[in-house]
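Everything below concerns the one structure shown next.
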There are 2 protein chains.
Amino acid sequence: MARVLTLQGEDFPRWYQDVVAKAELAENGPAKGQQVIRPAGFALWERMVEEVDARIKSTDTDNASFPLLIPQSYLSREAEHVEGFAPECWTVTHAGGKELEEHLVVRPTSETVIGEYMAKWVKSYRDLPLKLNQWANVMRYEMRTRLFLRSSEFLWQEGHTVHESYEDAHEFTLHILHEVYRDFMENVLALPILAGIKTVEERFAGALNTFTCEAIMRDHKALQMGTSHELGQNFAKAFGIQYLGSDGKQHHGWTTSWGTSTRMVGGLIMGHGDDAGLRVPPKLAPIQAYVMVVKDDAATVEAAEKIHAELKAAGIRSRLDKRGDVAFGRRAVDAELKGYPVRVEIGPRDLAKNEVTIARRIGEVGKTSVSIDGVSKAVAEALELGQQALFDEAQARLDSCTKEVSTLAEAIEAAQSGVAKVPWDLVGVEGEKQAAGEGITVRCLQREDGTVPDNLDEPNLVTFLARSY
Amino acid sequence: MARVLTLQGEDFPRWYQDVVAKAELAENGPAKGQQVIRPAGFALWERMVEEVDARIKSTDTDNASFPLLIPQSYLSREAEHVEGFAPECWTVTHAGGKELEEHLVVRPTSETVIGEYMAKWVKSYRDLPLKLNQWANVMRYEMRTRLFLRSSEFLWQEGHTVHESYEDAHEFTLHILHEVYRDFMENVLALPILAGIKTVEERFAGALNTFTCEAIMRDHKALQMGTSHELGQNFAKAFGIQYLGSDGKQHHGWTTSWGTSTRMVGGLIMGHGDDAGLRVPPKLAPIQAYVMVVKDDAATVEAAEKIHAELKAAGIRSRLDKRGDVAFGRRAVDAELKGYPVRVEIGPRDLAKNEVTIARRIGEVGKTSVSIDGVSKAVAEALELGQQALFDEAQARLDSCTKEVSTLAEAIEAAQSGVAKVPWDLVGVEGEKQAAGEGITVRCLQREDGTVPDNLDEPNLVTFLARSY
């Protein structure tokens, strides 16, 4: 087969660019750092939205929509927040041909404007918890941008909740982390997740604690896939989110916020893709089975249409390719590039034997012949095996590239080519700075047993250091 | 029951404001003309998105995502387009603390930026038709704003296609109008549609022809619910969308664009709502059946939970209300206000007779008792009857408020309180201006047989005049 992509081993960043371009996933927009997400890329995102949205709804969180433009004064009400976000803002100064009295920023995130409305809506403890989410575009000015991974505009969901107590807010922050984000990422995206707490340096501007889901890419760099923030009473105090408690007294609420974005598309590409292109986990794949005719004679096309219909009836997301005017080899290479988990290839020779060829994109087994009667079953099995195989492969990579070390120097050394696991006491704020000088960041902290700590004050935490996107 | 809303007959605009506020659908955002769409309003929009998106996908159109911010120079490339939209633009002048070299406008619509990319992607007739859609937010500066109906930011879908010929583009423009928009509006929103072509004055800036779906509200004013534009080769020439034809020569493509927005939520409210609040068509309703306990004793709650589960199993979108701490009357008034099509009320007295009470929000029949065994069937029937009853009522209103007249003066008179139908030859561009002076607009033109004309040059067209939103 013709070489379409730079090899991962030669130049991983260039391989990434090649896949994004050749699989027609996205390209640069006209202004700095913008992106155009093309149909093949957007279909991946739409499936992510569908799966994440269902999980968010299962937590009794309601979707809503808040304004794109936020008055600059809102941002300033929470001191750490404005310090963190003001330098990244895109600013609207004019509308309808006139300068605005107050300049507006394109939302970099919506804690402030949503906080303003939560303050109006929350009156009594009976109104709590208040759980909202929006699917929206946000903008942050970035100097160095990369499609999906770091762009000036991106699509995301941002959840915002208010609770009666620290305990409720804390529990919900972790529920989102584990049951919404981690569950989706591990069980649908097939990416094993390092879940933990961020350091002070890495946490969200204005948060008490930031919890994170980190995945390790095929080049052993980490990607932050989603974060869930415990905001304490910081925003509640800044925006006056107060409720009358059952004790008859006024209290400030406890808020959370949490988000995942189109960045996950980048994680999918770099977490599973190989030298032939994308490999899309079957549970996510917009196209799970790609039914191809080898030649477009009437009998083959008819058989292919029947199989396509049968697969759809079996609940498999199937796409039919009956193009006879494009060479079969070229179409097969393109299907590999796009990462369809299973191809069902049908040609006159197969048909003569009442068989089709099943080509798996994932795993060791390449092509097998199966009887036409058994095609739905064979495809369903291949999809299930493919999902597991991708996860297992990613888990093995994470395990093999993670090195437990016992000094900061060893950690920095190990993190050059993998993930270093080291006691946090040996790193600390000073060690974190030193590592940063070498291009290494602290991805997250866990307890020794691998669970997520409640806060940074817990003793005996371990930390993971790596290069990152 | 307590009076919650201004009566429609007293003050329709105020009734509208009341419903939007009391049913917690939306409220004003912090900056001019912005809106916050609250969960109850957003759930209506989410259902609209689901239904419209499925219809768009059935036309083999793919979803994608284009940048929010468009360089000002793009807008200027199509002369009529910039003239129409420039005065409405919101402009980003600064980012990352510095003034931008080229100012960017928040997209008021995306023909220009999408045209730029279509020009890159279309090379040969084999690439056509190219059919794209995006669900996005757009902004247009407005002096007088009203929630859902006219706001500075709104949510919409915008479809953009390129075709090989005038005929293909024309056919697709009308396919979207009838099979996507009209079908959804009549069969799901239960609103009879006047479909036709817009006058030169009312058409989209830069289009050859604009086709429209107009609905008549309960105050007899018209609302433009969706438009489909034939753009000819105007944008193809401005952006260089060219293809190599099967004849071996370069040709400009023929483009279309078409959109529906959160405005439809306003149409739903004003098209069906009554003095008790919203009436949501069952096929659209996010909550079709609202199962309420009269009292929250254990037996009643248990029965209600069982019925709720049974309704869900029958594919009915059911919500359970087992609150015993809020008075039943207050909850029932609120359910009417929110417009849930069917309430299933369960109290100890019903249970003693092995019955429940079915309360219909739509139609003449108020409450009926049905046996618990038959509740799913009774609810399904009530939903089906309710859908039809809403459409019939709206159709009867449209028929009764439409007056066929034979002079312009009569048309202007009739349009003060309804819809005037009059030969276009009696109106013309001059008559249109005269009507505009009286607050009356030409909503659309049809052929005498009620079908949609191909263009404004057809003879013997009839036109509909009305006040409008």
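Sequence lines set the chain letters: A, B, ... in the order given, protein chains first and strands last, and positions in each chain run from 1.
Using a 4.5 Å cut-off between heavy atoms, A:Lys131 makes no contact with chain B at all. Heavy atoms closer than 4.5 Å to chain A are found in the side chain of B:Glu153, but not in its backbone. In this structure, the portion of A:Arg126 lying under 4.5 Å from any heavy atom of chain B is its side chain and not its backbone. In this structure, chain B has a heavy atom under 4.5 Å from the side chain of A:Met139, while its backbone stays farther away. Interface remark: B:Leu104 contributes side-chain atoms only to the contact with chain A (heavy atom separation under 4.5 Å). Contacts between B:Asn137 and chain A at a heavy-atom distance below 4.5 Å involve the side chain alone, from C-beta outward. A:Lys32 does not touch chain B: none of its heavy atoms, backbone or side chain, sits under 4.5 Å away. Of the atoms belonging to B:Pro71, it is side-chain heavy atoms, and not backbone ones, that fall under 4.5 Å from chain A. Proximity to chain B is limited to the side chain of A:Val106, based on heavy atoms less than 4.5 angstrom apart.
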Derivation and outcome, ring-ring contact (aromatic ring centres under 6.0 Å, His included), residues A:Phe235 and A:His160: CA-CA 11 Å; A:Phe235 286 86; A:His160 297 269; 8.8 Å; no
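Of the N and O atoms on the side chains of B:Glu142 and B:Ser151, not one donor lies less than 3.5 Å from an acceptor on the other residue. Checking A:Tyr243 against A:Asp127 by side-chain atom types alone, no donor-acceptor pair falls below 3.5 Å. Judged by distance alone, the side chains of A:Thr93 and A:Thr91 never bring a donor and an acceptor atom under 3.5 Å apart.
With a 6.0 Å radius and a threshold of 12 heavy atoms from other residues, nucleotides or ligands, B:Glu50 has its CD atom above the threshold.
Between chain A and the options B:Gly97, B:Ala31, B:Ala86, B:Gly29, heavy-atom pairs under 4.5 Å are most frequent for B:Gly29.
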